[in-house]
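Notes to accompany the following structure.
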Amino acid sequence: MSLDAFKPKSEFLRVMQERGYIHQISDAEALDRVLTGGVVTAYVGYDCTANSLHIGHLISIMMLRWFQRAGHRPVTLMGGGTTKVGDPTDKDQQRPLLTDQVINANLASIKGTFSRFLRFGEGPADAVMVNNADWLEKLGYVEFLREFGVHFTINRMLTFDSVKLRLEREQPLSFLEFNYMLMQATDFLELGRRYGCTLQMGGSDQWGNIINGVELNRRMDSRQAFALTTPLLTTASGEKMGKSVGGAVWLNADRLSPYDYWQMWRNTEDADVGRFLKLFTELPLDEIARLAALGGAEINEAKKVLANEATTMLHGADAARAAAEAARAAFEEGRLSDDLPTYEIPRRVFEAGVALAAVAHEAGLASSRSEARRLAQGGGLRVNDAPETDGQRLLTAADLSADGVVKLAAGRKKIVLVRAI
RNA sequence: GGGGGAAUGUCCCGAGUGGCAAAGGGGGCGGACUGUAAAUCCGCUGGCUGCGGCCUUCGUAGGUUCGAGUCCUACUUCCCCCA
């Protein structure tokens, strides 16, 4: 099964292959035939453990987008039901169980992201969003066991990585979590029955879970279904991708500002530029090849294109332009811009004087006051561009500009405007 | 059922004669060098602080001791050997 020699005829698989989205396909030739034969329905599942998706989800969202562009129907499956159980894949221990309220709030908060990438509606290739709580919660335990449990052997389940790794790492795997893969498999079956869905996509870690669904479709409904997974996204230096100022790269603007999102892309390593342009923008391949070939400092132009394109897709052209301009002003001219992250403090606090470390902490430049003091001592904290090694130093009205703003920076790239109100 | 081991800084791996805020890595953050890159070198990496200190950490709960990550008891989870 050499995918390298595989020459897909379908538009969708051709794009997937050219742009580097494919890690494994269960039966590439057969899937290719189905895709050239008419409209196909495919789904990706998303759990609701947080109130925002993050960059790790973006690659699969882009796949659904290309899928729709090729004339097919994407389904986004929200794991309202499966999140109650928790996917043990890649986790050393069970996560705290989430309540219905939290799960539903998360689900609502995530929904908006998809509408930026996919066209939803009633047409044949319009995207559909479903929640697996709709069918999973109706199932009774004995019914579940009799209907689906008979199709799974413990012997086989123990061979899947999600289970095997936990056992090998000497970590407990609860019976609750052990059921997760059955639930995901029944999702695939249910979507096959409801929407004629025959393809499930996801990250490479989902391969085992997806294959279970493929087999369940065959055993129970004699439906031929397919699995397609993407490679794990890492940077050229081997890091797992998904870091930005202070943590995960969230897709919701209230968790990571468009400016910081833009910055994350702008700081891509040279060696990743071409790969990321292919995965996270829709620029033509020849244009990407040209950009990725830029040498030396010129490749910074390619990084800006990447940041502009990716930010536009998620947050819109206006937000992307504002982010690009704020970054240009801050880094290329040393000017301030209103689009830089801002933190507000009552003016009278400045008049009384506040410890620099306290402000730096509250404005998000350090995770504690102690850390802010250490940052200052190490020479990484700047007030209005002047290094300040004493975290105890008081900020006063004298530090404010005419506009009532003081610029704080942690390192070269983290800048916050503290505004007196 | 019996016997022997293991759990450490809430990111990970890991050392730890009863005096320990606890060695060393990795990761992360900051500095230098650059191109807002990589590589390299250097520093920091529990919280609060009036900088004199105070508080909270070594699977969980008790106990011994002036003092416990270190000793004792019970419990939880995992590994190995015997049945």
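Every chain is numbered from 1, with letters handed out A, B, ... down the list of sequences. Side chains included, hydrogens not; waters and symmetry mates left out as well; all remaining heavy atoms used.
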Partner nucleotide, any strand, of [N] [Watson-Crick/G-U, under 3.5 Å]:
{"N": "B:rC71", "result": "B:rG63"}
{"N": "B:rA37", "result": "none"}
{"N": "B:rC78", "result": "B:rG5"}
{"N": "B:rG43", "result": "B:rC29"}

For [X], answer base if it contacts any base atom (sugar-phosphate contacts may also be present), sugar-phosphate if it contacts only those atoms, and nothing otherwise; contact means non-hydrogen atoms under 4.0 Å.
{"X": "A:Glu298", "result": "nothing"}
{"X": "A:Gln263", "result": "base"}
{"X": "A:Ala410", "result": "sugar-phosphate"}
{"X": "A:Ile299", "result": "base"}
{"X": "A:Arg374", "result": "sugar-phosphate"}

Given atom [atom1] of [X] and atom [atom2] of [N], what is their separation to the nearest angstrom?
{"X": "A:Arg373", "N": "B:rC51", "atom1": "CZ", "atom2": "C1'", "result": "9 Å"}
{"X": "A:Phe331", "N": "B:rU34", "atom1": "CZ", "atom2": "C1'", "result": "15 Å"}
{"X": "A:Phe276", "N": "B:rA38", "atom1": "CZ", "atom2": "C1'", "result": "14 Å"}
{"X": "A:Arg369", "N": "B:rC51", "atom1": "CZ", "atom2": "P", "result": "15 Å"}
{"X": "A:Arg393", "N": "B:rC51", "atom1": "CZ", "atom2": "P", "result": "18 Å"}
{"X": "A:Arg266", "N": "B:rA38", "atom1": "CZ", "atom2": "P", "result": "11 Å"}

key: Test log, rule salt bridge (charged side-chain N to carboxylate O under 4.0 Å, His left out), inputs A:Glu388 and A:Arg393   = CA-CA 8 Å; A:Glu388 176 56 68; A:Arg393 193 211 132 174; 3.3 Å; yes

ask   = Looking only at side-chain N and O atoms, does A:Lys414 come under 4.0 Å of OP1 or OP2 in B:rG28?
value = no

key: Short side-chain N/O contact from A:Arg412 to OP1 or OP2 of B:rU34, under 4.0 Å   = no

inquiry  = Test salt bridge (charged side-chain N to carboxylate O under 4.0 Å, His left out) on A:Glu215 and A:Arg156; report intermediate values, then the result.
reply    = CA-CA 12 Å; A:Glu215 292 180 357; A:Arg156 185 85 200 287; 2.9 Å; yes

Presence of donor-acceptor pair under 3.5 Å, side chain of A:Gln377 and base of B:rC44 = no

message = Need the glycosidic conformation of B:rC41: syn if within 90° of 0, anti if not. Which one?
response = anti

